[in-house]
There are 2 protein chains.
Amino acid sequence: MKESSGGRHTIRDVAKAAGVSISTASNALNGTGRTNAETREKVRRIAEEIGFRPNALARGLLTKRSHAIGMLTNDTYGRLTLPMASGVSEVLVDHGVSLFLCATNNNPRLAKLHLEALLDRQVDGIIFTATRIDLEPPPELTKLRIPVVYVFAQGPSDSVSFHPDDAQGARLAVEHLQRLGRSRILHITGEQNYRAACIRAEAYRELVGPTAEVMFGDWSEEWGHAAIETVFSRSGAKPDAIFCGSDEIARGVIDALRDRNISIPDDIAVVGFDNWEVVSRQTRPPLTTVDMELKELGHRAGLAILGLSKGETVAPGVERLPCTLVIRRSADQPGQA
Amino acid sequence: MKESSGGRHTIRDVAKAAGVSISTASNALNGTGRTNAETREKVRRIAEEIGFRPNALARGLLTKRSHAIGMLTNDTYGRLTLPMASGVSEVLVDHGVSLFLCATNNNPRLAKLHLEALLDRQVDGIIFTATRIDLEPPPELTKLRIPVVYVFAQGPSDSVSFHPDDAQGARLAVEHLQRLGRSRILHITGEQNYRAACIRAEAYRELVGPTAEVMFGDWSEEWGHAAIETVFSRSGAKPDAIFCGSDEIARGVIDALRDRNISIPDDIAVVGFDNWEVVSRQTRPPLTTVDMELKELGHRAGLAILGLSKGETVAPGVERLPCTLVIRRSADQPGQA
DNA sequence: TGTTTTTGTTAAAACCTTTTAGCAACTAAA
DNA sequence: TTTAGTTGCTAAAAGGTTTTAACAAAAACA
């Protein structure tokens, strides 16, 4: 088996070995055109034997489909995008599509650099992720000739976006607490300039009514602690349940309550948001929390960009994927309360 | 400005607009061959004007350098690979090289699939990452004609690997505790089948001598808790310092000590490993810990693969990058103890 | 028999770029 | 004047694949 170039076999080698022309070899391998069943089998057998794999660059150059998609993300460290990205990757690899990872570090210059590189590489589509409310997707994105899918972020109105259903997730948490018979439910959450925080707070308010109280802060454990300080240093009735905007906040809350010898969930039940297992499994007691099904979100986004890149149409707008409630001891089943 | 194909301008368009041949346009843009300064400027100006950018697929096909490298990783959720990957990405983007992310989920079939896709795309090199000691890099990797760099993982003896200097990091921690005057230092760490755990334990033993005691467990907070239970339920002298194999373990240890009203650092000083800030900043008191400089590790790995892919030679073997000690209140400065 | 259809195959064009080799014109040296 | 060298440019090949159009041979039809 001699090789014609650079160590890898080309379709030329296959054709020569099979005693056919390059076009016939191509047709036989791809099942296109008309080929005799016998020659088709022969070509395929030989290709298999010498381990021929088509050069993706050459194919992409000609077909205008690179079978690669790019993912722009501003949050490399976060626990949001990465499980999601792994979901995307899972779907793509099954379709022979590869994923470019572009970490923009919230730097517009870097975002632009990455975007240009992706276009130079003729990617078939782009997934854009960003979590901050004030971080608008780069306007260049809307003018591309390739499809773009937004996750966590909001594109223009006719674009395709996927978000967790924050409102439904919040309702899951609050309704669970209400079923436990809790009537004074407090909401401690993160920064008000995150859209997700506002949506959850709104859903909470609707269910809880006039006694609702939302404490915005940041997404840290420390803030959970501080919020409990505040609540217990002021007069008035204390809550009998706390719905937290993240597992980290919930962890701070739980630790602060334990310091005060308040029993969880007997005196106060606690529910978190994220199901970040490294936190939610390790609080004492373990945390009941809302799971955003990030991997599934990635699957859906992956399928959407695949479809779009093939020219299929996908319903525009924000699709909100349902969250699930993971019940652990910090807010038990109704029967056990 | 009419476009010759698919919406993007090609070098053809540039050449036509500048009234020169394609070759001259190419030479002018790349500074190759001989070109009159005047025409060179003109071509460049026009290219800029119409926003010409060369098609990376065509260029890669011809030059046999795709300016892309692939990263195979088995740990998508972990906090180890991702900061590292972001370091890799930072270096690459500066050199116009893009990064394929391949999450293998510890699945050999998937690893193979990804590897083949990377080769089809003619990547210039591969970075392989894996943290488990028992996870050997796929043997296919050693037979490639493109360079491979290993991070956290161990390649064959003539390969290039980058690791944190676990021994030096452990010494940093232990020597710090010794300078604080602590003499009964205990080491609570993770699974014994992680090479890193063994190396750190070994370095610890050498410094501490006959009183050394290593408790292997797993990498969880829970294990930190459980280990403290064990230590305090048995007879004998108690430690006056604990060196933990991870920040998570340290967090469990700190919580368990606080439950017992043991003062940190007065009675027992605690040092962690990772400087995973979401943990180390939030423990009470905040955690003194070893930082593995993951981003720097990524930088180095990125530079190495870039160099190798250009044909430069890089010294083979395992390069161990120094860790740093981040001092917080769980083990103060000597002066303050 | 002659005419149309079908079948299997192939040469060549196309995708977009870089690079090689060569050409013409001009300059400098002999 | 010839020779040699330099400059600025270009045609053409190359890279590996898919696709189009054409062709010959065989089959079906009249």
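Naming: A, B, ... by sequence-line order, numbering from 1 per chain. Values reported hereafter were calculated over all heavy atoms of this structure, with side chains retained and with hydrogens, waters and symmetry mates removed.
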I need the [atom1]-[atom2] distance between [X] and [N], as an integer number of Å.
X: B/Ile11; N: C/dC16; atom1: CD1; atom2: C1'; answer: 9 Å
X: A/Asn27; N: D/dT17; atom1: CG; atom2: C1'; answer: 12 Å
X: B/Arg53; N: C/dT17; atom1: CZ; atom2: P; answer: 12 Å
X: A/Arg12; N: C/dT10; atom1: CZ; atom2: P; answer: 14 Å
X: A/Leu61; N: C/dA13; atom1: CG; atom2: C1'; answer: 13 Å
X: A/Lys16; N: D/dG16; atom1: NZ; atom2: P; answer: 12 Å
X: A/Gln122; N: C/dC16; atom1: CD; atom2: P; answer: 8 Å
X: A/Leu29; N: D/dT19; atom1: CG; atom2: C1'; answer: 15 Å

Assuming nearest nucleotide by heavy-atom distance, tell me which of B/Thr35 and A/Ile22 is located more 5' along DNA chain D. B/Thr35

Pick the nucleotide of DNA chain D nearest each of A/Arg34 and B/Arg34; which residue has the one closer to the 5' end?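 Its nearest nucleotide being more 5', the pick is B/Arg34.
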
Below 4.0 angstrom, N of the basic side chain to O of the carboxylate: do B/Glu49 and B/Arg45 qualify? yes

Could you tell me whether A/Asp120 and B/Arg8 have a side-chain N and a carboxylate O separated by less than 4.0 Å? yes

State which of [options] makes the closest approach to the side chain of [X].
X: B/Asn36; options: D/dC9, C/dT9, C/dT19; answer: D/dC9
X: B/Leu62; options: D/dG16, D/dT18, D/dG15; answer: D/dG15
X: B/Val20; options: C/dT18, D/dT10, C/dT17; answer: D/dT10
X: B/Asn30; options: C/dT18, C/dT17, D/dC9; answer: C/dT18
X: A/Lys64; options: C/dC16, C/dA11, D/dA11; answer: C/dC16
X: B/Thr32; options: D/dT19, D/dA11, C/dT19; answer: C/dT19
X: B/Thr63; options: C/dT18, D/dT10, D/dT19; answer: C/dT18
X: B/Asn55; options: C/dG22, C/dT17, C/dT9; answer: C/dT17
X: A/Thr39; options: D/dT18, C/dT9, C/dT17; answer: C/dT9

Under 4.0 angstrom, heavy atoms only, what part of the nucleic acid is B/Arg59 near: base, sugar-phosphate, or nothing?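 The answer is sugar-phosphate, as B/Arg59 gets under 4.0 Å only of primed atoms, P, OP1 or OP2.
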
Regarding A/Leu57, tell me which of base, sugar-phosphate or nothing describes its non-hydrogen contacts under 4.0 Å with the strands shown.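 Counting heavy atoms under 4.0 Å across all strands, no contact is made by A/Leu57.
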
Check the pair A/Met71 / A/Ile126 against side chain to side chain contact (heavy atoms under 4.5 Å, CB included), numbers first and verdict last. CA-CA 6 Å; A/Met71 177 158 156; A/Ile126 288 183; over 6 Å; no

[X] side chain N/O closer than 4.0 Å to the phosphate oxygens (OP1, OP2) of [N]?
X: B/Thr10; N: C/dC16; answer: no
X: A/Ser21; N: C/dT10; answer: yes
X: A/Ser23; N: C/dT9; answer: no

When rounded to the nearest 0.5 angstrom, what is the spacing between CD1 in A/Ile11 and CG in A/Asn30? 7.0 Å

Verify whether one side chain among A/Arg121 and A/Ser66 offers a donor that lies under 3.5 Å from an acceptor in the other.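 The criterion, which ignores hydrogens and geometry beyond distance, is not satisfied for A/Ser66 and A/Arg121.
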
So, does A/Arg320 use its side chain to make a donor-acceptor pair with the main chain of A/His163 at under 3.5 Å?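 A pair under 3.5 Å: no.
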
